[in-house]
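Everything below concerns the one structure shown next.
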Amino acid sequence: MEYLQNKLSWEDPRSNRGYVTVGRERVTQSADPTEIAALRAKAPDCKESMEIGRDWDAEWKNQWPHEADVPEFKGTMLDFYQICHDLHVNVMRSIALGLDLEEGFFDKKIDEQCHNLRLLSYPPVKTSLLQGGLEVQNPHTDNFVPATPIPGTIVINVGDLLARWSNDVLRSTLHRVVAPPAKQISGNEAITPARQSIAFFCNPKQFRSCDTYCK
């Protein structure tokens, strides 16, 4: 397994393609490389991921396992990638109408499918937290609010670019994932269950200007 993970690992962090091992990333608002390195060493993110982009990209290539090692994985992921893009188009058409623009206003701005599909795996970790899951920061109070899952739905989070495109009619909010409810293993320790998550990051076409499209 370790050999396969190394073979499929990132060739370049700019590519967002391939396997990312536990501890490789560290979420922070800091832009200081030294501070980021110290944070990663002290408290690395406890997750691993598989990053997938558009499969026809001329510069960055997806890192696929051999079909014999993971049957139907590539085909299934590419089908899912396309489903997510199609949903993205429909969401952006709805947003265009909400901004009093033509329904297909964003179609040509997102048609290159420069997206990022992340398959995330969180191993069990020891923790003292009692609650968990995705949380989104309220921009008015700065408090984090649980994004409680609703069966049959997905969660859509607005990013910085969409906030700019909409002139902050749609707000970009910070979000985080905290540990889920843990099982007590001692007097002062508990352990979280392993869990999986899928995130799809929707992006515009490359070299697209970031003009504001509503007043």
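All values below come from the heavy atoms of this structure, side chains included, with hydrogens, waters and symmetry mates left out.
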(message) Which residues pass the side-chain contact (heavy atoms from CB on, under 4.5 Å) test with Ser197, not counting sequence neighbours?
(response) Leu120, Tyr122

(request) State, to 0.1 Å, how close Asn116 and Arg118 come at their nearest heavy-atom pair, and which atoms those are. (result) OD1-CG, 3.3 Å

(message) Any non-hydrogen side-chain atom of Cys202 less than 4.5 Å from a side-chain atom of Ile110?
(response) no

In residues 97-107, what donor-acceptor pairs under 3.5 Å come from side-chain atoms, sequence neighbours left out?
unit_1, atom_1, unit_2, atom_2, d
Asp107, OD1, Arg93, NE, 3.2
Asp107, OD2, Arg93, NE, 3.3
Asp107, OD2, Arg93, NH2, 2.9

(message) Using the salt bridge (charged side-chain N to carboxylate O under 4.0 Å, His left out) criterion, which residues pair with Lys74? Sequence neighbours excluded.
(response) Asp55

(message) Less than 4.5 Å apart, side chain to side chain, heavy atoms only: is that true for Asp57 and Arg17?
(response) yes

(message) Give me the atom names and distance for the closest heavy-atom approach of Asn203 to His88.
(response) O-CE1, 4.1 Å

(message) A side-chain contact here means heavy atoms from C-beta on lying under 4.5 Å apart; do Leu87 and Ile154 qualify?
(response) yes

(request) Tell me, please, which residues at least two apart from Ile83 pass side-chain contact (heavy atoms from CB on, under 4.5 Å). (result) none

(message) When you compare the side chain of Leu119 with that of Phe80, does any pair of heavy atoms fall below 4.5 Å?
(response) no

(message) Considering only residues two or more places apart or on different chains, which pairs with a residue in residues 145-163 satisfy salt bridge (charged side-chain N to carboxylate O under 4.0 Å, His left out)?
(response) none

(request) Could you tell me whether the side chain of Glu72 and the main chain of Val70 form a donor-acceptor pair under 3.5 Å? (result) no

(message) Would you compute the distance between atom OG of Ser49 and atom CD1 of Ile198 and round it to the nearest 0.5 angstrom?
(response) 12.5 Å

(message) In this structure, would Leu170 and Val145 fall into the same cluster of hydrophobic residues linked by side-chain contacts under 4.5 Å?
(response) no

(message) To check you understand the geometry: which heavy-atom pair defines the closest contact between Gln137 and Asp142, and what is its length?
(response) NE2-O, 3.2 Å

(request) List the steps and the verdict of side-chain contact (heavy atoms from CB on, under 4.5 Å) for Trp60 and Glu51. (result) CA-CA 12 Å; Trp60 306 113; Glu51 316 280 332; over 6 Å; no

(request) Only counting residues at least two apart or in another chain, list the ones meeting ring pair (Phe, Tyr, Trp, His ring centres under 6.0 Å) with Phe200. (result) Tyr81, His115

(message) Tell me every residue that passes side-chain contact (heavy atoms from CB on, under 4.5 Å) with Glu112, counting only those two or more places apart in sequence or in another chain.
(response) Arg54, Cys114, Lys205, Gln206

(request) Report the residues that fulfil side chain to side chain donor-acceptor pair (under 3.5 Å) with Asp86, sequence neighbours left out, ordered by chain and then residue number. (result) Gln82

(message) Test side-chain contact (heavy atoms from CB on, under 4.5 Å) on Leu162 and Ile95; report intermediate values, then the result.
(response) CA-CA 10 Å; Leu162 187 52; Ile95 288 174; 3.7 Å; yes

(message) Test of understanding: with side-chain contact (heavy atoms from CB on, under 4.5 Å), list the residues that count as partners of Gln196, not counting sequence neighbours.
(response) Ser121

(request) Taking atom CZ of Phe201 as the centre, report whether more than 12 heavy atoms of other residues, nucleotides or ligands fall under 6.0 Å from it. (result) yes

(request) Can you tell me which residue pairs pass the salt bridge (charged side-chain N to carboxylate O under 4.0 Å, His left out) test with a partner in residues 174-183, sequence neighbours excluded? (result) Glu135-Arg176

(request) Nearest 0.5 Å please: distance from the OG atom of Ser15 over to the CD atom of Glu59. (result) 9.0 Å

(message) Looking at Pro149, is its backbone amide N or carbonyl O close enough to the side chain of Thr153 to form a donor-acceptor pair, meaning the two atoms are under 3.5 Å apart?
(response) no

(request) Would you mind reporting whether Pro204 and Leu161 have side-chain heavy atoms less than 4.5 Å apart? (result) yes

(request) Would you list the pairs meeting ring-ring contact (aromatic ring centres under 6.0 Å, His included) in which at least one residue belongs to residues 143-164, sequence neighbours left out? (result) none

